[in-house]
Every structure is written in C-alpha cells, then in structure tokens.
Amino acid sequence: MDFSLIIESLPIYFEGLWTTTWLVGLALIIGLSVAIPLAIARNSHNYLLIAPSWAFIYFFRGTPLLVQLYLIYYGMDQFFPVKDTLWEHAWFCALVAFVLNTSAYTAEIIRGAINGLPKGEIEAAKAYGMSPAKTYRRIILPSALRRALPAYSNEVIFMLHGSAVAGIVTILDLTGAARLVNSRYYAPFESFLTAGLFYMALTFIILWVFKNAEKRFLAYMRPLS
C-alpha cells in the first residue's frame, strides 16, 4: 500500500469530488422537480396523462443508466448537430441522463407515498371544501414528500453510486480521477480504494442528513411513549 501515491494524488481526487458533488446534487434537484408532476400525472384518472408518464417511467427504470448515457452522449448527433451547443459537452449529457433516470425512480417513490396516504387526510380536505389542486398543494404533496424520505434517501445513494458512469464519457469525477491516477502510476488498488473511500464519506453524509430530516419531518408519526 503506497500512501505517498495517494497523498500526492489528492488534488485530483478533490477535483473529482467537486465534480461528482455538483453533478449529482444538480441532477437530484432538477430530477425531483420533474418527478413531482410525473407522479401526479401517473396517479391521475386521465389516460392522456397516465400513458406518457407510464412510458417515461417504464423506459428509464427499465434500461441501465450507462445505456441511457451512451444514447444521449453518442446518439444525439443522429438527430441534430451538436457542435457549438450544450449537447457537445460531456457534463451536460451526463446531467441530462442523470436527471431523466432519477426523475423516473423518484416519481415512483412519490406515487407510492401518495397512494399510501391515510384516506382520512384526503376526506378531511374535501370536507373543508378544498379543490383538488389545493388538496394536492396543501395536504397530499407535503404529507407524501415527508413519508417518501426513507425511500428517497436510498435513491440519492443509488444516484451517487450510479454517477460513476460519468467517467466513461471523459468527465473527471471520482471514478474518472481513480482511472487517471491508475493510468499514471499503474496502481489500481490504491487508485480505486481511495475513490471508494470518498464515495463512502459522501454516503455517510447523505445518511446523516436524511436521518436528521426524518427525525424532524416524521416526528408526528412516532408513537407516543
């Protein structure tokens, strides 16, 4: 185990850490904003809303993230010229692939949380004369998003781990940094073990954040002692 190699390569790993963090964070934020209307459409009674949302979710949950990234990064040039556009940049293609993938999984998580709401909450909103839109805005979505926290924490971790495919399209994320260090020093054990430790640190931070969020937002569901 050559620790001097790891210490010497830390700037490369920190650059990869920054890329991984902002890329995954931005994808999760945009993906969540896409997933909420997708989940609502999936739960509607209008077939014109159900069919496209079901097809979107089925496709992006049914195909590997790596295949989706390849289709976007290498395939978009088949439909329109990408030169001098955002599609020409690998980071943008990776971001689009991550957003589409996580939004499909998150939509199903939110849909399940909506379907699992106690009927009494919705009936009480109707009894107060709330419109369907106001019921969703004030009752259904806030309650469903709180209840979805445990499942969504898993999706965030899966997205973090899945982001390792970004290095395949020339992005210097954590896995890309490990590949670069390995190509320089021919030390695969040290290179990828260091990247793995960075991923573990990020995972622990995510778990800590969600654990505290669950304590705060799901406190009303805990039984009284």
Treating Ser153 as the side-chain partner and Pro150 as the backbone partner, does any N or O pair qualify as donor plus acceptor under 3.5 Å? yes
Do the non-hydrogen side-chain atoms of Leu100 and Phe56 ever get within less than 4.5 Å of each other? yes
When rounded to the nearest 0.5 angstrom, what distance separates CZ in Phe98 from CD1 in Ile72? 10.0 Å
If you count every heavy atom of other residues, nucleotides or ligands that lies below 6.0 Å from Trp18 atom CH2, does the total exceed 12? no
Do the side chain of Ser9 and the main chain of Ile12 share a donor and acceptor less than 3.5 angstrom apart? no
Cluster link Ile157 to Val209, ILVMFWY, side chain under 4.5 Å: no
Verify, without hydrogens or angle tests, whether Gln68 (side chain) and Phe60 (backbone) share a donor-acceptor contact under 3.5 angstrom. yes
Looking only at heavy atoms, what is the nearest atom pair of Val181 and Ser191, with distance? CG1-OG, 3.4 Å
Could you check Arg179 against Ile168 for side-chain contact (heavy atoms from CB on, under 4.5 Å), going step by step and ending with a plain yes or no? CA-CA 10 Å; Arg179 287 197 184 95; Ile168 296 175; 3.8 Å; yes
Between Leu207 and Thr203, does a side-chain contact (heavy atoms from CB on, under 4.5 Å) hold up when you go through it step by step? CA-CA 6 Å; Leu207 289 173; Thr203 300; 4.2 Å; yes
Note, Asn43 side chain near Tyr136 side chain (heavy atom, < 4.5 Å): yes
Check whether Tyr105 and Val156 end up in the same hydrophobic cluster, where Ile, Leu, Val, Met, Phe, Trp and Tyr are linked by side-chain heavy atoms less than 4.5 Å apart. no
Mind checking whether Ile50 and Ile110 sit in one hydrophobic cluster, side chains of I, L, V, M, F, W, Y counted as touching below 4.5 Å? no
Could you tell me whether the side chain of Ser143 and the main chain of Ile139 form a donor-acceptor pair under 3.5 Å? no
Just wondering, do Arg111 and Ile114 contact through their side chains at under 4.5 Å, heavy atoms? no
To the nearest 0.5 Å, what is the distance between CG on Leu149 and CZ on Arg147? 11.5 Å
Checking side-chain contact (heavy atoms from CB on, under 4.5 Å) for the pair Thr63/Leu71: CA distance, chi angles, key distance, verdict? CA-CA 11 Å; Thr63 55; Leu71 287 173; over 6 Å; no
Would the distance check show the side chain of Thr106 and the main-chain N or O of Ser103 forming a donor-acceptor pair, the cut-off being under 3.5 Å? no
Identify whether Leu95 and Val67 are in the same connected component of the hydrophobic contact network (ILVMFWY, side-chain heavy atoms under 4.5 Å). yes
Nearest heavy-atom contact between Asn182 and Pro188 is OD1-N, 3.0 Å
Between the CD atom in Glu155 and the CG atom in Leu160, the distance rounded to the nearest 0.5 Å is 11.0 Å
Looking only at heavy atoms, the pair that brings Gly162 and Leu65 closest together is O-CD2, 3.5 Å
With heavy-atom distances below 4.5 Å as the criterion, would you say the side chains of Leu49 and Arg42 are in contact? no
Mutual orientation of the aromatic rings belonging to Tyr13 and Phe198 [parallel < 30°, tilted 30-60°, perpendicular > 60°]: parallel
May I ask you to test the Ser163-Leu23 pair for a side-chain heavy-atom distance under 4.5 Å? no
I'd like to know whether Leu202 forms a side-chain contact (heavy atoms from CB on, under 4.5 Å) with Leu174, so could you lay out the CA-CA distance, the side-chain angles of the two residues, the decisive distance to 0.1 Å, and finally the verdict. CA-CA 11 Å; Leu202 287 174; Leu174 279 172; 4.1 Å; yes
Mind checking whether Tyr152 and Phe210 have side chains closer than 4.5 Å, heavy atoms only? yes
Please check if the number of heavy atoms outside Arg184 that lie under 6.0 Å from its CZ is greater than 12. no
Looking at side-chain heavy atoms only, is the closest gap between Trp91 and Thr19 below 4.5 Å? no
Hey, what do you get for CD1 (Ile109) to CG (Leu32), rounding to the nearest 0.5 Å? 10.0 Å
hydrophobic_cluster_shared for Phe158 and Ile30, side chain cutoff 4.5 Å: no
Please report the shortest heavy-atom distance between Ala195 and Ala178, naming the atom on each side. CB-CB, 3.8 Å
Glu214 with Lys211: basic N within carboxylate O range, under 4.0 Å: no
Rounding to 0.5 Å, atoms CD1 (Ile40) and CD1 (Ile140) come to a distance of 8.5 Å
Please determine, by modelled atom types, if Glu190 and Tyr185 share a side-chain donor-acceptor pair under 3.5 angstrom. no
Pairwise side-chain contact, Leu28 with Val24, heavy-atom cut-off 4.5 Å (strictly under): yes
Taking every heavy atom of Ala107 against every heavy atom of Leu38, the minimum-distance pair comes out as CB-CB, 3.8 Å
Residue pair Pro37 / Ser33: nearest heavy atoms and the distance that separates them: CD-O, 3.0 Å
CZ of Arg146 to CG of Leu141: how many Å apart, nearest 0.5 Å? 11.0 Å
Do the rings of Trp54 and Tyr58 sit parallel, tilted or perpendicular, given the 30° and 60° boundaries? parallel
